[in-house]
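Below, all heavy atoms of this structure are taken into account, side chains as well, without hydrogens, waters or symmetry copies. Keep in mind that this is a model prediction, so the values were computed, not measured.
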Amino acid sequence: MSLTSGGLGGALPEEVRDGAVRRLQEAYAAGALTYEEMDRRLGRALEAGTPAELEAVVAGLPVEAPASTGVIVAAGGRITRRGAWRVPRFLKVGSAFGRVRLDLSRAVFDGPEVEIALELGTGGARIVVPRDAVVELDGLTTGWKDLRYRPRQPSRPGGPVVRVTGAVGFGRLRIRHAWFRWRQR
């Protein structure tokens, strides 16, 4: 989306300026800008008075990827995803009474990190992550049964980060790493 679109005229709303500053910081974090270039452009962004001036500040930066989200919900029954399926950066999975099976070993990730927010009632869940994935479980609560997960030692660098959050009621959550790595073609 262009910074000059949306009928902004000559006024420059703060959210537009904040978006440009965020893009500059993300480009620096990704290695697309040196510190000096980021600092110079940040100064220009803070002094910009029109959308056209701000557009010139972010010219040449990588295109901002839209945040991808997905929802899989079932009142009862089984939720199963396996094979080569697309995993958004944020995936909400909800089930009141059924079992959940998510196999991410051959999945295509929208980004280097994915958050899976579980809202499970009485069914259990099993998640298979890629062999080189890093699993984070900080935002997860389990009710009736404990979590079954054994981290891979050591995990190879460069794998996706899979963050599991949410709540599991009366079922058990099992997370394991795939036994092998699928080759990308």
Side-chain angles (χ1 to χ4, degrees), residues 1-73 81 83-94 102-119 127 129-140 151-152 154-166 175 177-178 181-185:
M1 179 176 164
S2 172
L3 295 173
T4 58
S5 66
L8 296 176
L12 189 59
E14 283 303 309
E15 59 268 6
V16 174
R17 187 185 314 275
D18 292 344
V21 168
R22 186 186 72 252
R23 283 187 63 194
L24 289 168
Q25 292 169 337
E26 289 173 356
Y28 171 70
L33 292 176
T34 64
Y35 178 79
E36 293 79 18
E37 179 68 15
M38 181 196 64
D39 191 43
R40 185 179 66 76
R41 287 188 185 207
L42 278 174
R44 286 178 46 208
L46 295 175
E47 293 172 359
T50 66
E53 291 173 355
L54 202 54
E55 186 77 37
V57 170
V58 297
L61 293 181
V63 177
E64 190 174 25
S68 61
T69 60
V71 178
I72 305 171
V73 179
R81 296 291 186 272
W85 62 291
R86 180 166 301 279
V87 179
R89 291 182 183 186
F90 179 79
L91 178 64
K92 181 178 179 181
V93 179
L102 301 176
D103 186 348
L104 307 175
S105 62
R106 294 181 54 199
V108 177
F109 294 88
D110 278 354
E113 296 185 9
V114 62
E115 180 178 343
I116 300 173
L118 299 175
E119 291 186 18
I127 301 173
V129 298
R131 182 180 179 134
D132 55 352
V134 175
V135 178
E136 295 179 0
L137 303 167
D138 294 335
L140 179 71
R152 237 181 90 68
S155 183
R156 289 185 267 175
V161 175
V162 178
R163 187 173 297 110
V164 182
T165 61
I175 301 173
H177 290 267
R181 180 174 170 86
W182 290 93
R183 287 186 223 160
Q184 301 280 330
R185 292 184 189 179

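- Atoms CG and CD1, on L104 and I127 in that order, are 7.0 Å from each other to the nearest 0.5 Å.
- By the salt bridge (charged side-chain N to carboxylate O under 4.0 Å, His left out) test, R163 pairs with E113, E136, sequence neighbours left out.
- E53 is linked by a salt bridge (charged side-chain N to carboxylate O under 4.0 Å, His left out) to nothing, counting only residues two or more places apart in sequence or in another chain.
- The side-chain heavy atoms of R86 and D110, taken from C-beta on, include a pair separated by under 4.5 Å.
- Here the CZ atom belonging to R41 is positioned 5.5 Å from the CG atom belonging to L33, to the nearest 0.5 angstrom.
- Taking CD of E119 as the start and OG1 of T165 as the end, the distance is 9.0 Å to the nearest 0.5 Å.
- Note that the CD1 atom of I116 and the CZ atom of R89 stand 15.0 Å from one another [nearest 0.5 Å].
- Side-chain atoms of P88 and V114, non-hydrogen and from C-beta on, never get closer than 4.5 Å to each other.
- Under a 3.5 Å cut-off, the side chain of R17 and the backbone N or O of A48 do form a donor-acceptor pair.
- Atom NZ of K92 sits about 11.0 Å away from atom CG of L118, to the nearest 0.5 Å.
- Counting heavy atoms from C-beta outward, V135 and H177 have side chains that approach closer than 4.5 Å.
- Counting all heavy atoms, side chain and backbone alike, L91 lies closest to W85 at CD2-CH2, 3.9 Å.
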Give the intermediate values and the outcome of side chain to side chain contact (heavy atoms under 4.5 Å, CB included) for residues L137 and I175. CA-CA 10 Å; L137 303 167; I175 301 173; 3.6 Å; yes

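- With sequence neighbours excluded, no residue satisfies salt bridge (charged side-chain N to carboxylate O under 4.0 Å, His left out) with D103.
- Here CD of E115 is found 11.5 Å from OG1 of T69. Values are rounded to the nearest 0.5 Å.
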